[in-house]
Trainee: 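Quick one: structure below, then a few questions.
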Amino acid sequence: MFWAFVMLMVTNVALAKAGFSTGSTPVTFGYLLMGALAPFALIGLIVRPVLSPAALLHVLLAYLPVGLFAVYKVETAFGSPAELLVTGTNFLILPVIIIGLFSPYLEDLTEAQICTVLKWCVRFAVAWGLMNFFMYALTKSFIAIPYLTMNAADAAEVFGKNNRRGGFMKLVSTYNNGNIFGVCMIALGPVYLYAEKSRAWMAAFLLAILLTLSRSAWFGMVVMGGVMVALGQVRVNRGPVWLGGLAAVGGIVIIMPFLGWTSDNLFDSNLGGRFYQVEQLVITWFGAPRVSIKEIIYLGLLQSFGLIGFLFVMLALTFPILVNASRLRTLPMLRRAAIGGTICYLAMAALDGAFIFPPVLAIFLFLGALTYRRGYRGAAGRAALPATAAI
């Protein structure tokens, strides 16, 4: 169980874009591994039925109707096989695998095991990203390993995919895109910062998000801080918290002139070229014939699924929050942090949620699965991080 978890975290967090492409559709090793492990997870649950009722309801009441509706839309619109694969994976296959099949197995891992694996995977992504960011700034070159630190099809394109900012390049790490890296790190942030005890690595983590040079990620940092304070994970009366906040603001102020930005660029009324999605929005009861999710996730969901379908999608996305809301303050900090990460992603989705790009949805669903973890099912006395720890 532990080594399966390690492999899933390495391929979906540390080496998030490792893989290849079929046509224009990226295929990551992390997603392939989930598909390969799913039958074994199903067999294990049949042999030893330890399903989480909340997770099961999440799949049956929310994701299953949404997923079937999405697949039906693609088929009736005569969508391409690639479109059917992407839609079916995001709205049906991944939720069933991660929430329905994998989430009960998190209770076979100690909290220390979960946090340690996640911590080292995020550390790798942060270190790799910082190394390449400064290497490119100084030498205009970078280190990349096709099939491992980047998708093989992206070998010649990563630094041309809207990743340039003046003379700099966004910090993309192994995610091949600054916005995707920022979204994933913000979502994982509350859990990672709970697991991480080194202030140096915390600072490196925040610096990496800052150097994505993504306004959406900067907005996410503010949201993340507010969410962690609201959940009791961060105490605002501590000096390092204020120091970190001031350092982040100072870093943005220092970076902006190098990018040729002013305050007008920081608060862009055109939403970074995304305002056309607002202008093109057409609201119907059941949505457009095709499923199309662009940067502003809620507009894409509303256009694609209509008012009725949008309600089911929002139920699917917010289900972990709704289920745990009434007892939030009594939950262990790991579960609270996972809820915090879910809230952070949902906030960022209003600007740029990178919904259809691996490994964004896998990480979001992993956080949902963590919120359903009721504790460690194994032998008593195994090491675990204190549930009341706070930064």
Side-chain angles (χ1 to χ4, degrees), residues 31 34 38 51-79 83-104 183 187 277-278 280-326 328 338-339 341-372:
Y31 280 25
M34 281 190 279
L51 291 173
S52 165
L56 190 59
L57 286 174
H58 190 177
V59 172
L60 295 178
L61 296 182
Y63 274 117
L64 191 59
V66 167
L68 293 176
F69 185 43
V71 170
Y72 170 78
K73 274 182 166 291
V74 174
E75 290 183 338
T76 55
F78 300 102
E83 186 179 357
L84 182 61
L85 175 63
V86 171
T87 302
T89 297
N90 285 319
F91 288 101
L92 188 60
I93 297 174
L94 284 182
V96 169
I97 290 177
I98 298 175
I99 299 293
L101 298 181
F102 287 175
S103 62
V183 167
Q277 297 174 37
V278 178
Q280 294 178 359
L281 177 63
V282 177
I283 300 176
T284 60
W285 286 110
F286 295 100
R290 308 188 78 89
V291 176
S292 177
I293 312 296
K294 295 184 173 66
E295 294 94 337
I296 304 178
I297 305 303
Y298 302 119
L299 297 182
L301 293 174
L302 190 55
Q303 176 117 351
S304 299
F305 293 95
L307 287 172
I308 302 298
F310 181 75
L311 294 177
F312 277 94
V313 177
M314 291 308 299
L315 175 64
L317 297 179
T318 60
F319 198 89
I321 302 171
L322 298 176
V323 167
N324 292 292
S326 63
L328 190 59
I339 292 171
T342 301
I343 296 172
C344 289
Y345 176 77
L346 293 176
M348 289 196 68
L351 295 177
D352 184 359
F355 187 82
I356 65 171
F357 299 102
V360 176
L361 191 57
I363 287 175
F364 178 75
L365 292 170
F366 165 67
L367 293 171
L370 265 184
T371 68
Y372 300 133

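Just so it is clear, the structure is predicted and the values come from calculations on it, not from any experiment. Each residue takes its place number in the sequence, starting with 1.
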Trainee: With rounding to the nearest 0.5 angstrom, report the OG1 to CD1 distance, Thr371 to Ile321.
Mentor: 9.0 Å

Trainee: Hey, could you give me each pair passing ring-ring contact (aromatic ring centres under 6.0 Å, His included) that has a residue in residues 351-371? Not counting sequence neighbours.
Mentor: Phe91-Phe355, Tyr345-Phe364

Trainee: For Ala288 and Lys73, which heavy atoms make the closest approach, and how far apart are they?
Mentor: O-NZ, 2.5 Å

Trainee: With heavy-atom distances below 4.5 Å as the criterion, would you say the side chains of Tyr63 and Val96 are in contact?
Mentor: no

Trainee: Check Thr318 against Leu346 and note the closest heavy-atom contact, atom names and distance.
Mentor: CG2-CD1, 3.8 Å

Trainee: Return yes when atom CZ of Phe69 has more than 12 non-hydrogen atoms of other residues, nucleotides or ligands closer than 6.0 Å, and no otherwise.
Mentor: yes

Trainee: Please examine the side chains of Met34 and Ile98, heavy atoms only from C-beta on, and report whether any two atoms are closer than 4.5 Å.
Mentor: yes

Trainee: With rounding to the nearest 0.5 Å, note down the distance linking CG in Asn324 to OG1 in Thr342.
Mentor: 9.5 Å

Trainee: Measuring from Ile297:CD1 to Leu317:CG, what's the distance to the nearest 0.5 Å?
Mentor: 9.5 Å

Trainee: Compare all side-chain heavy atoms of Leu94 with those of Tyr31 and state whether any distance is below 4.5 angstrom.
Mentor: yes

Trainee: Taking C-beta and beyond as the side chain, do Leu92 and Leu64 meet within less than 4.5 Å on heavy atoms?
Mentor: yes

Trainee: Does the side chain of Val291 reach to within under 4.5 Å of the side chain of Val86, using non-hydrogen atoms?
Mentor: no

Trainee: Which heavy-atom pair separates Leu367 from Gly341 by the least distance, and what is that distance?
Mentor: CD1-C, 3.8 Å

Trainee: Rounded at 0.5 Å granularity, tell me how far CD1 in Ile283 sits from CG in Leu302.
Mentor: 4.5 Å

Trainee: Hey, what do you get for CD1 (Ile99) to CZ (Phe319), rounding to the nearest 0.5 Å?
Mentor: 10.0 Å

Trainee: Within the structure provided, determine whether Thr76 and Pro289 are in side-chain contact (heavy-atom separation under 4.5 Å).
Mentor: no

Trainee: Testing the basics here: between Ala350 and Tyr298, what is the closest heavy-atom pair and its distance to 0.1 Å?
Mentor: N-CE1, 3.6 Å

Trainee: Mind listing the closest non-hydrogen atom pair of Pro104 and Ser52 along with its distance?
Mentor: CG-N, 4.3 Å

Trainee: Taking all atoms of both residues into account, what is the closest heavy-atom pair of Gly287 and Thr284, and its distance?
Mentor: N-OG1, 2.8 Å

Trainee: Among residues two or more places apart or on two chains, list those pairs meeting salt bridge (Lys or Arg N to Asp or Glu O under 4.0 Å) that have a residue in residues 346-363.
Mentor: Arg274-Asp352

Trainee: Would the distance check show the side chain of Thr87 and the main-chain N or O of Leu84 forming a donor-acceptor pair, the cut-off being under 3.5 Å?
Mentor: no

Trainee: Taking the side chain as everything from C-beta on, heavy atoms only, tell me whether Gln303 gets closer than 4.5 Å to Ser292.
Mentor: no

Trainee: When rounded to the nearest 0.5 angstrom, what distance separates CD in Glu295 from CE in Met348?
Mentor: 12.5 Å

